Amino acid sequence: MNRTKGERIFGAFNGIFLFFIAAVTLYPFIYIIAVSLSSSKYVNMGDIWLLPRGFNLSAYHQIIRKEGIWTAFFNSFYYMIFGTAVSLALTILGAYPLSRVRLKGRRIINVLVVFTMWFSAGMVPAYLNFKNMGLLNSRLGIIFGFAVSTYNFILLRTYFMSVPDALEEAARIDGASDFRIMAQIFVPLSIPSLATIGLFYAVERWNSYFWPMILLTNEDKIPLQVVLKKMVVDMTSRLDNMEFGRDMVSFSEDSFIYSTMVLAMIPMLILYPFIQRYFVKGIMLGSVKG
Amino acid sequence: MNISRKKHLTKNKTTFQYIKSDMQLYIMLLPFLLFYIIFVYKPMWGLQAAFRDYNMFKGMAESPWVGLDNFNAVFKSPYFGRILRNTLLISTYSLLFSFPMPIILALLLNEVRSTKYKSFIQTCTYLPHFISTVVVAGMVTSFLAPSTGIVNIILSKLGFEKIYFLSKPEYFRTIFITQGIWQGAGYSSIVYIAALSGIDMALYEAAKIDGCGRWKQTLHITLPGLLPTIVMIFIINVGNILNVGYEKIILLYQPATYETADVISTYVYRMGIENADYGISTAIGLFNSVVGFIFVFTANTLSNKINGMGLW
C-alpha cells in the first residue's frame, strides 16, 4: 500500500461516486417494483420512494386476469424460443462454411453479408417484402424474417476461424464429412460462444416490439411487448386529455402498467446473471472486421 | 516422379473440382444465403419504388416510372428540413454528451482496486441495456407524468411548478439523450474496459519507477492506450449519424413535440407504414441509406489513414 494521501482520497471519492451512479441506474427498477406492490392509497398520494407501502398484490391479481395477457406471454416465449433456435441454426450454418479459408467464393459472400451492416433497403421496402410474400400476420415471418444478425454471424465466424486446423484435418483423415466435422467438433468446441450468441438472440427476441407491432395484427399472435406498448401509448394519450392535477384518479391504472412492466422484465432479469457471465467474453470474441 | 506428378495435378484442380469437393459446405450455406437473399437483398430490389409511382395493386413492374419525382417531392416538402435538422441535432448531441460517458465510466472503474466492488458496479450499470425499449419508454412516460410522476412530485416538493415534460418540444432532446445515457453508458463501457485490460502493465511499472503518479499515468499511458478504441467507436457513431433510434422516439414523441422529435426514420414510418405512401417514404429511406453509407465509408477511410485501423 504505497499510495499517496491524494490517491487514497481520490480512491474514496471514486468509490462513492461509482456507488451513486449504480444507485441512479438501479433506482427506476426499484421504484417501479415498489409502486407495483403498493396500495393505491399511497400511490395516489405520490408517497412511495424506495419500499412498497401498504404491500399488496392487487395489481398483479388484476393483470393475470386481464384478457389476452397470457396469450401475449405465451407468444413472447414462443418467438423467443423458436426464434433463438432458428437464429442459432442459421448462424452456425453460415459461419462454419464461411470460416473455411479454402472455400471458393467465400470472399465475395462475406463482403455481401457484411455490406448489409452498412446499407439496408430500409423499413418500407422490408415491410412491402413481407406483405408481398403473404407474411403479414404470420408467426413464420417473425421467426425467419429476422433470423440472422450479421454482427452475431461475424462473432461466430471469427471464433470458428480461431479453432486450430489440425482438428479438422485429423477428423478428415478419419473419414469424417464436413457436416460431421461441424456438428461433432466445431459446435461442441464453441459452446461458450454459442451460449453468448444465443443469449443475445434471446434478449433481442424477447424485447423486440417494432416489427411484431407492424407485421402482426391478429390479437392472438402479438407478443407481450406490443401489448405493453399499447398500454404505454394509452397512458400518454390519457395524460394528454387530462388537465393538470386531475390524473390522480386514474393512477391505479398506472400501477397496473408498472406491474406489466415488471412482468415483461422478469425473464430478462432471470437470464441476466447467465448473460453477464458470457457477454463480456462474447463481445471480445472477435473484433468486428469484415 | 509419380508423386511429384500427383502433387502437380492436385495443385491444378479446376474450380469445378474445388466446388465439388466442398459440396457439403455449400449445401450447409444454402439456408443462410436464402435468408440474406429473401429478407435482405430482395427488399433492395424493392427500392425501385422510390423511382416509380408505386401502386400496391398493380405491382412493382406495372407501376409507372416517374424518375426523380418522389425525391423532388421529398426535398420540397416543408418537413424535410425539420426531420433532417432533428436527426442531425439528436446525433450531434449524442456524440457530445453520450459518447464520452462510457469512456469516463471505464476510466473510473479502472481506478477501483477491489475486483468485487468493480464487478458489482459493472453488474448494476450493464443491466438497463437488457431492458426492452417499451419498458424504458414506459418508465420515462410515467416518471415524467404531469402530476403523479416522480420527477414532478420532487419538483413540487422543492417549490417549483409541475411541468408536463413530454408535451414540451424544448425538453424532448434532453429527455431522449438522458434516457439513452442511462440505458447505454454501462454496456458501452465494456469495450473500453477490455481495451484497458489490454494495456501492458510493464508500462505502468516503468512510469512508477520514473516517479509518475496515478494522474500522470492516466494521462500518458491509459489515454493513449485507449485512443485507437475511442477513435474506432467514434467513427462508428459518426457513420451512424443518420440512424437515430426510431423505436424509442415513436414511443416517446407526440404531435406536440414533432417539432424537435421527428427524425427521418420516424417520418418514414408515418408516411410509409401509417399513411401507405410507399413511393415517397421509400425515396426518403433510400436517401437516408445512401447518405448514411457514404458517411460510414468516408469515416472508415479517414480512420484507416489517421489511425492505421478501421472497421474493414
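Side chains are part of it too, since the values below use all heavy atoms of this structure and drop only hydrogens, waters and symmetry mates. Nothing here was measured: the structure is a model prediction, and the numbers come from that model. Chain naming here is simple, since letters A, B, ... match the order of the sequence lines and numbering starts at 1 in each.
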Legend entry - side-chain contact (heavy atoms from CB on, under 4.5 Å) between A:Phe179 and B:Leu25, intermediate numbers included: CA-CA 7 Å; A:Phe179 196 81; B:Leu25 291 180; over 6 Å; no

[X] versus chain B, heavy atoms under 4.5 Å apart: side chain, backbone, both or neither?
X: A:Met268; result: side chain
X: A:Leu135; result: side chain
X: A:Arg102; result: both
X: A:Ile214; result: side chain
X: A:Ile109; result: side chain
X: A:Tyr27; result: side chain
X: A:Val203; result: side chain

Is there a side-chain contact between [X] and [Y] in this structure, where contact means two heavy atoms from C-beta onward sitting under 4.5 Å apart?
X: B:Tyr278; Y: A:Tyr127; result: yes
X: B:Gln24; Y: A:Met182; result: no
X: B:Asp22; Y: A:Asp178; result: yes
X: B:Ile153; Y: A:Trp49; result: yes
X: A:Leu199; Y: B:Phe130; result: no
X: A:Leu269; Y: B:Leu127; result: yes
X: B:Met139; Y: A:Phe29; result: yes
X: B:Phe39; Y: A:Phe144; result: yes

Heavy-atom pair of closest approach, residues [X] and [Y]:
X: A:Ala147; Y: B:Phe35; answer: N-CE1, 3.3 Å
X: B:Leu251; Y: A:Tyr209; answer: CG-OH, 3.5 Å
X: B:Pro43; Y: A:Pro125; answer: O-CB, 3.4 Å
X: B:Val135; Y: A:Gln225; answer: CG2-OE1, 4.5 Å

[atom1] of [X] to [atom2] of [Y]: how many Å apart, nearest 0.5 Å?
X: A:Leu224; Y: B:Ser132; atom1: CG; atom2: OG; result: 8.5 Å
X: A:Phe10; Y: B:Glu111; atom1: CZ; atom2: CD; result: 5.0 Å
X: A:Leu93; Y: B:Leu29; atom1: CG; atom2: CG; result: 8.5 Å
X: A:Leu128; Y: B:Thr282; atom1: CG; atom2: OG1; result: 6.0 Å
X: B:Thr125; Y: A:Leu18; atom1: OG1; atom2: CG; result: 8.5 Å
X: B:Asn288; Y: A:Met123; atom1: CG; atom2: CE; result: 9.5 Å

Heavy-atom distance under 4.5 Å to chain A: side chain of [X], backbone, both or neither?
X: B:Phe295; value: neither
X: B:Ser114; value: neither
X: B:Leu109; value: both

Can you tell me if [X] has over 12 outside heavy atoms packed within less than 6.0 Å of its [atom1]?
X: A:Arg180; atom1: CZ; value: no
X: B:Lys157; atom1: NZ; value: yes
X: B:Met23; atom1: CE; value: no
X: B:Glu161; atom1: CD; value: no

If you tally heavy-atom pairs under 4.5 Å against chain B, which of [options] wins?
options: A:Asn132, A:Leu112, A:Val226; answer: A:Leu112
options: A:Val148, A:Val232, A:Leu26, A:Val233; answer: A:Val148
options: A:Gly15, A:Gly11, A:Ala264, A:Gly122; answer: A:Gly15

So which of [options] has the largest heavy-atom pair count under 4.5 angstrom toward chain A?
options: B:Val268, B:Leu108, B:Ile193, B:Leu47; value: B:Leu108
options: B:Leu286, B:Leu252, B:Ile38; value: B:Ile38
options: B:Val112, B:Ile273, B:Thr133, B:Val40; value: B:Ile273
options: B:Leu105, B:Thr141, B:Ile150; value: B:Ile150
options: B:Gly213, B:Cys124, B:Gly292, B:Pro128; value: B:Cys124
options: B:Gly272, B:Gly285, B:Pro31, B:Gly46; value: B:Pro31

Inset, instruction - Verify ring-ring contact (aromatic ring centres under 6.0 Å, His included) between A:Tyr272 and B:Tyr126, making sure each step is shown before the conclusion. - result: CA-CA 10 Å; A:Tyr272 183 60; B:Tyr126 297 168; 7.8 Å; no

Legend entry - Evaluation steps, side-chain contact (heavy atoms from CB on, under 4.5 Å), between B:Asn300 and A:Trp118: CA-CA 11 Å; B:Asn300 188 64; A:Trp118 311 114; over 6 Å; no

Inset, instruction - Determine, using ring centers only, whether B:Tyr246 and A:Phe210 are less than 6.0 Å apart. - result: yes

Inset, instruction - Indicate, with yes or no, if the rings of B:Phe32 and A:Phe153 have centres closer together than 6.0 Å. - result: yes

Inset, instruction - Determine whether the side chains of A:Thr150 and B:Tyr36 contain a donor N or O and an acceptor N or O closer than 3.5 Å. - result: yes

Would the distance check show the side chain of [X] and the main-chain N or O of [Y] forming a donor-acceptor pair, the cut-off being under 3.5 Å?
X: B:Tyr26; Y: A:Pro97; result: no
X: B:Ser289; Y: A:Ser120; result: yes
X: B:Trp182; Y: A:Thr25; result: yes

Inset, instruction - Take the angle between the ring planes of B:Phe120 and A:Phe19 and call it parallel below 30°, perpendicular above 60°, tilted in between. - result: parallel

